[in-house]
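Shown next, in structure tokens, is the structure this report addresses.
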Amino acid sequence: MFALIDCNNFYASCERVFAPNLNGKPIVVLSNNDGCAIARSNEAKAIGIPMGAPAFEFKDLFVNHKVHVFSANFSLYGNMSNRIMSILSEYSPEVEIYSIDEAFLKLKGFEYFNLLDYAYSIRKRVTQGTGIPVSIGIAPTKSLSKVANRIAKKYTQTGGVFLIDTEEKRIKALKWLAIEDVWGIGRKYATRLRAQGVNTAYDFTQLSDAWVKKEFSIVGLRLKRDLSGIPTLDLDDVQAKKNIATTRSFEKNITKIEDLKERIATFAVSCSEKLRKQKSYCKMLMVFIHTNGFRKDLPQYSRSRVIKLPFPSNSSIELVEFACIALESIFIAGYSYKKAGVLIMDFIPENQIQLNFFQNSNPKHEGLMKVIDKLNNRFGQQKVRLSIQDQKRVWKMKQEKLSPLYTTRIEDVITIQV
DNA sequence: TCTGGGGTCCTAGGACCC
DNA sequence: TCTGGGGTCCTAGGACCC
């Protein structure tokens, strides 16, 4: 059996843990640059604030309904997530951390356990240990545990836990679930399926394998089998990432290549830091730039460039050099750039590096990067920078409603009066 | 005027190789 | 008039997830 543990309204709940006066009040958490809503408490959902709502369009609604608005505080959410995952790992040797607020547990060898009781105890322990409410779905396959989780979340009388352990329950649950709410069926697929008269998850499982594969590729077919109760999707080992990206939208458009170069360099540095944390080297790097797609009145341009590195590297200096070469090859003057990013891929673990006969990553960088990482860890991000990076002012996102770093900065730890 | 960021997997077409 | 087959790599894009 698989259990899916999913935090309820995770970012909003994190804010609430340290501001309990907000219990029962509408909360919205905004994306970077305070752009759009990425998390909402139940109360905010009830007011009619959709996922992804642009903040500037909903400003009046926020004010009128006294919505408590927060800028995304990823240090806080990441730290709370680690605490929750660490608790969950006590409950099964096989855990897949699926996202910041979700984890699958594989319950192999739990035949003689009362799984409902087990789930209730997990739920209680997480809430006691962190203050975050969670819902738990248990079923014979991953995608069915997603379905069970949805039922647990939707119906409060379940006590936040739902178990699909019979064929009867499986079919009932699938008939209840609208096709667009199936894990792996997004907007585009749902529209196409509705047009075929497929309205529920159950209908989807009744389609022929051949048709599903033709229309939705092997991915859709796997999903169909998994929903039918045949375990097809297994826990993914996501310890090591396959890609690492740093991308940003700019508050103001950028037109000059020097400014863009500074941003790209900073993104490349950030990617290399993440790569070193993963103890890997990369063999490929990609840079992309594009104009603001929302501005239909402006000429649009978007382009990316992949560079295959002549040798594996995780040195900030080297990755910045390659990123700049890539940028220069795709930059066209005359456009207003709104967004850019650096992606790295094709990783190898640091202990499996094949040396190149002619050219290798500068061996001196290894020690240098260690020192830089150590200094930045201790004194704050970006304290030590490359000279190509902005020295005068650190680029700032709009973050007007940032809550304190309650769990990761000593000055921000709350004081309790006894 | 303002409308996020970081991932995954799959497919298709063109250029090129032998 | 007739003009192969089997690959790889790269670029781009589409779909999905949270």
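In this text, all values refer to a predicted model and were calculated from it rather than measured experimentally. A note on names: the letters A, B, ... follow the listed sequences, proteins ahead of strands, and every chain is numbered from 1.
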Return a single string for nucleotides 11-18 of chain B, one symbol per nucleotide in 5' to 3' order, where B is base contact, S is sugar-phosphate-only contact and - is none, cutoff 4.0 angstrom on heavy atoms. S-------
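- Between Tyr11(A) and Phe74(A), a ring centre-to-centre spacing shorter than 6.0 Å is recorded.
- The distance between the ring centers of Trp183(A) and Phe104(A) falls below 6.0 angstrom.
- In this structure, Tyr155(A) has its ring center at least 6.0 angstrom away from the ring center of Phe162(A).
- With Phe250(A) as the aromatic partner, Lys339(A) does not meet the cation-pi criteria of under 6.0 angstrom to the ring centre and within 45 degrees of the ring axis.
- Using a 4.0 Å cut-off on heavy atoms, none of the residues of residues 36-52 of chain A approach DNA chain C.
- In the set dC2(B), dG6(B), dG5(B), the nucleotide with an atom closest to the side chain of Ser249(A) is dG5(B).
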Go through Glu273(A) and Ser316(A) one step at a time and tell me if the side chain to side chain donor-acceptor pair (under 3.5 Å) criterion holds. CA-CA 7 Å; Glu273(A) 282 167 357; Ser316(A) 300; 5.6 Å; no
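- From Leu227(A), atom CG reaches atom CG of Leu233(A) across 8.5 Å, with rounding to the nearest 0.5 Å.
- Ring-plane geometry between Tyr301(A) and Tyr335(A) is classed as parallel, the angle between the planes falling under 30 degrees on a 0 to 90 degree scale with a further cut at 60.
- Taking the six-membered ring for Trp and the full ring otherwise, Tyr281(A) and Phe347(A) have centroids separated by 6.0 Å or more.
- Listed by residue number, there are no residues of residues 182-195 of chain A with a heavy-atom contact under 4.0 Å to DNA chain B.
- Between the side chains of Asn79(A) and Thr407(A), at least one donor-acceptor pair of N or O atoms lies under 3.5 Å.
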Passes salt bridge (Lys or Arg N to Asp or Glu O under 4.0 Å), Asp209(A) versus Arg225(A)? Steps please. CA-CA 9 Å; Asp209(A) 280 4; Arg225(A) 293 202 174 133; 3.5 Å; yes
Dot-bracket for DNA chain C, please. Rules: Watson-Crick or G-U, both distances under 3.5 Å, ( ) within the strand, [ ] when a pair crosses earlier ones, | for another strand, . otherwise. ....||||||||||||||
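- Within the structure, the side-chain hydrogen bond (donor to acceptor under 3.5 Å, both in side chains) test picks out no pair touching residues 49-70 of chain A (sequence neighbours left out).
- You'll find that the side chain of Ser31(A) is closest to dG4(B), out of dG7(B), dG5(B), dG4(B).
- The side chain of Asn33(A) places no N or O atom within less than 4.0 Å of a non-bridging phosphate oxygen (OP1 or OP2) of dC2(B).
- In the set dT3(B), dG6(B), dC10(B), the nucleotide with an atom closest to the side chain of Pro54(A) is dT3(B).
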Evaluate Lys106(A) against Glu96(A) for salt bridge (Lys or Arg N to Asp or Glu O under 4.0 Å), listing each step before the verdict. CA-CA 8 Å; Lys106(A) 198 164 176 179; Glu96(A) 175 189 342; over 6 Å; no
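- Of the candidate nucleotides dT3(B), dG6(B), dG4(B), dT3(B) has the atom nearest to the side chain of Asn292(A).
- A close approach under 4.0 Å does occur between a side-chain nitrogen or oxygen of Lys242(A) and OP1 or OP2 of dC9(B).
- Between Phe288(A) and His290(A), the ring-plane angle classifies as parallel under the 30° and 60° cut-offs.
- For the segment residues 307-340 of chain A, the set of residues with a heavy atom within less than 4.0 Å of an atom of DNA chain B comprises Lys338(A), Lys339(A), in numerical order.
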Stepwise salt bridge (Lys or Arg N to Asp or Glu O under 4.0 Å) check, Asp226(A) with Lys142(A): CA-CA 7 Å; Asp226(A) 206 64; Lys142(A) 265 177 115 176; over 6 Å; no
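- Nearest-nucleotide positions on DNA chain B for Phe56(A) and Asn243(A) put Phe56(A) closer to the 5' end.
- Within 6.0 Å of the CD atom in Gln399(A), the count of heavy atoms belonging to other residues, nucleotides or ligands exceeds 12.
- The closest side-chain heavy-atom distance from Leu174(A) to Leu144(A) is below 4.5 Å.
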